[in-house]
Enquirer: 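Take this structure, written in structure tokens, and hold onto it; I'll ask about it next.
All values derive from a computational prediction rather than experimental measurement.
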Amino acid sequence: MLYYFFNYLYKVHHLPGTGVFQYISFRAALAVVTSLIIAQFFGAPLIRALQRRQIGETVRDLGLQGQIEKKGTPTMGGLIILLAILVPVLLFAKLDNIYIVLMLLSTVWLGLIGFVDDYIKVVKKDKEGLAGRFKVLGQVGLGVTVGWVLFFSNDVTVRQYALPNGAFSAVDASTVYQDVKLMITTVPFLKNNELNYGDLFATAGDFFNEYYAFFYIPIVILIITAVSNGANITDGLDGLAAGTSAIIGITLAIFCFVSGNALLADYLDVMFIPNSGELVIFCTAFVGACVGFLWYNSYPAQVFMGDTGSLAIGGIIAVLAIIVRKELLIPVLCGVFLIENLSVMVQVSYFKYTKRKYGEGRRLLRMSPLHHHYQKLGYHESKIVSRFWIVSIMLAVITLVTLKLR
């Protein structure tokens, strides 16, 4: 909103200083500062309000160190994260940008699903929360919406430059270009690193070649569901999900800035995505919200984000990666989420397999998800979280290295 106000002052009244709002870097800086202020200003009152209404965590005794002490800690703190993201984006971003609209929709959509789940758990006192099928249905619905918009909207394009010999390259210093509708993505570690989803069905007949959206959209659904559930599972220790997400958010902010800047995209040999630079403002607000939430969520936590926050931050990360065509980097960038997801899947599968084979279930880990396995081994919670953050930083660096390592 403020962008349009200051843009009006700059172009109509030529007011000195108002032109600075034209710069994404300036608005991104304002967004991160504002999100931190909002998290600090509203965090403590919200925690007190949750405590007054006895909206606290119910804890099953699983024999984990420090677990019982968490009983009664306010949950639904994800509301702090949502507020600290939405307000700065509404203030400083271009609200007619298709990518900003998609990110706002994704944030509110999954935030509402998580809020309903938390509400049923802590207010209605139903430990099961929202039925799993309804969660999945909500995630699928968002995946269909995001995939449909990205595939069919004429505002979603990539830029190709015409070379003298008539060939095309997505990145070139030539001034002759065209913005084309292509569903392509970046394949890491390869020299010619662009995969066109349409090429996967080029030999399958005209019908599949023309309507491969029906195959692209399920990919989007899978990514959003997997990453949002991964963030949800990772949210089991104080500060783990918020800190990991902040690291991922910084990495995605860099990708958005590079993908939205023609000169940087040309220099680093990545595809230029028109109008995607605006997402930097969303990313910085996201990082600021996660860091601001850590003020209250770091060990020992004063508040938990609950599904309200964890489902939303996972969905945000997934949609951001898809928009900037870096979804194939998610297994590396979101490696902590991935290994947490896999630890649960492997544990459950192995238990069921051994129960069928030997009549008694056996476990590979002492407990899943993986962070609880380390708790069972006697590691302190804060040490586990710190080491997971270090792993996340390493994975983020590896992900950024793919910009040039091809």
Side-chain angles (χ1 to χ4, degrees), residues 28-44 46-47 74-90 92-93 103-104 106-108 110-111 114-115 118 227-228 230-257 279-299 301-321 330 333-337 340 371 382 385-386 388-393 395-396 399:
L30 287 179
V32 70
V33 171
T34 304
S35 64
L36 286 167
I37 292 173
I38 290 172
Q40 291 298 300
F41 186 79
F42 289 100
L46 179 60
I47 293 171
T75 189
M76 298 175 74
L79 292 171
I80 300 171
I81 297 176
L82 297 182
L83 190 65
I85 292 173
L86 295 174
V87 172
V89 173
L90 291 173
F92 302 118
M103 292 313 306
L104 290 173
S106 302
T107 304
V108 174
L110 289 176
F115 178 82
D118 287 336
V227 179
S228 60
N232 185 241
I233 291 173
T234 303
D235 182 35
L237 298 179
D238 297 350
L240 179 55
T244 303
S245 298
I247 295 166
I248 295 171
I250 293 170
T251 309
L252 288 171
I254 295 172
F255 278 126
C256 291
F257 187 75
L279 287 171
V280 177
I281 295 158
F282 188 96
C283 290
T284 54
F286 173 73
V287 172
C290 290
V291 173
F293 181 73
L294 271 175
W295 184 271
Y296 302 104
N297 186 238
S298 58
Y299 182 85
Q302 298 171 257
V303 66
F304 300 138
M305 68 171 67
D307 283 10
T308 305
S310 60
L311 287 178
I313 62 178
I316 287 169
I317 290 168
V319 177
L320 278 170
I330 285 178
L333 178 60
C334 302
V336 169
F337 294 169
E340 293 274 50
H371 55 260
S382 58
V385 171
S386 298
F388 272 55
W389 285 357
I390 292 170
V391 172
S392 294
I393 293 171
L395 293 172
T399 304

Enquirer: Check whether Thr244 reaches the backbone of Ala241 with its side chain - one donor and one acceptor, N or O, closer than 3.5 Å.
Expert: no
Enquirer: Please report the shortest heavy-atom distance between Ala312 and Leu110, naming the atom on each side.
Expert: CA-CB, 3.9 Å
Enquirer: One pair to check against side-chain contact (heavy atoms from CB on, under 4.5 Å): Ile316 and Phe282. What are the steps and the verdict?
Expert: CA-CA 10 Å; Ile316 287 169; Phe282 188 96; 3.5 Å; yes
Enquirer: Heavy atoms only: give me the nearest Cys256-Cys283 pair and the separation to one decimal.
Expert: SG-SG, 3.9 Å
Enquirer: Side-chain contact test, heavy atoms from C-beta onward, threshold under 4.5 Å: evaluate it for Leu104 versus Leu90 and give yes or no.
Expert: yes
Enquirer: To the nearest 0.5 angstrom, please state how far the OG atom of Ser386 sits from the CG atom of Leu237.
Expert: 11.0 Å
Enquirer: Looking at CD1 of Ile85 and OG1 of Thr107, how far apart are the two atoms once the value is rounded to the nearest 0.5 Å?
Expert: 5.5 Å
Enquirer: If you apply the rule side-chain hydrogen bond (donor to acceptor under 3.5 Å, both in side chains), what do you find for Asn297 with Asp238, and how did you get there?
Expert: CA-CA 6 Å; Asn297 186 238; Asp238 297 350; 5.1 Å; no
Enquirer: Rounded to the nearest 0.5 Å, how far does OG1 of Thr308 lie from CE of Met76?
Expert: 5.0 Å
Enquirer: Spell out, as yes or no, whether a donor-acceptor pair under 3.5 Å connects the side chain of Trp295 to the backbone of Leu36.
Expert: no
Enquirer: Mind running side-chain contact (heavy atoms from CB on, under 4.5 Å) on Phe257 and Leu279 for me, showing each step along the way?
Expert: CA-CA 8 Å; Phe257 187 75; Leu279 287 171; over 6 Å; no
Enquirer: Write down the atom of Gly111, the atom of Leu82, and the distance for their closest heavy-atom approach.
Expert: CA-CD1, 3.9 Å
Enquirer: Return yes if some donor-acceptor pair links the side-chain N/O of Tyr296 with the main-chain N/O of Gln40 below 3.5 Å, else return no.
Expert: yes
Enquirer: Under the side-chain contact (heavy atoms from CB on, under 4.5 Å) rule, what do Ile254 and Val280 come out as? Steps first, then yes or no, please.
Expert: CA-CA 8 Å; Ile254 295 172; Val280 177; over 6 Å; no
Enquirer: What I'd like to find out is whether the side chain of Leu83 reaches to under 4.5 Å of the side chain of Phe42, using heavy atoms alone.
Expert: yes
Enquirer: Taking all heavy atoms of Met103 and all of Leu320, pick out the closest pair and write down the distance.
Expert: CE-CG, 3.6 Å
Enquirer: Side chain of Thr284, backbone of Ile281: donor and acceptor closer than 3.5 Å?
Expert: yes
Enquirer: Could you tell me the separation between the CZ atom of Phe388 and the CD1 atom of Ile393, rounded to the nearest 0.5 Å?
Expert: 14.0 Å
Enquirer: Taking all non-hydrogen atoms of both residues into account, name the closest pair between Ile317 and Phe286 and its distance.
Expert: CG1-CZ, 4.0 Å
Enquirer: Is there any salt bridge (Lys or Arg N to Asp or Glu O under 4.0 Å) pair reaching into residues 79-89, and which pairs are they, with sequence neighbours excluded?
Expert: none
Enquirer: Report yes or no: does Asp235 contribute a side-chain atom to a donor-acceptor pair with the main-chain N or O of Ser310 at less than 3.5 Å?
Expert: no
Enquirer: Are the side chains of Ile248 and Val336 in touch, meaning some heavy atoms are under 4.5 Å apart?
Expert: no
Enquirer: Quick one: pull up CD1 in Ile247 and CG in Leu252 and give me the separation to the nearest 0.5 Å.
Expert: 12.5 Å
Enquirer: Would Ser245 and Phe337 satisfy side-chain contact (heavy atoms from CB on, under 4.5 Å), going step by step from the backbone distance to the final call?
Expert: CA-CA 10 Å; Ser245 298; Phe337 294 169; 3.7 Å; yes
Enquirer: Between Leu79 and Phe115, is any pair of side-chain heavy atoms under 4.5 Å apart?
Expert: yes
Enquirer: Enter the distance from His371:NE2 to Leu240:CG here, rounded to the nearest 0.5 Å.
Expert: 6.5 Å
Enquirer: Which atom names give the shortest non-hydrogen contact between Gly288 and Ser35, and what distance separates them?
Expert: CA-OG, 3.1 Å
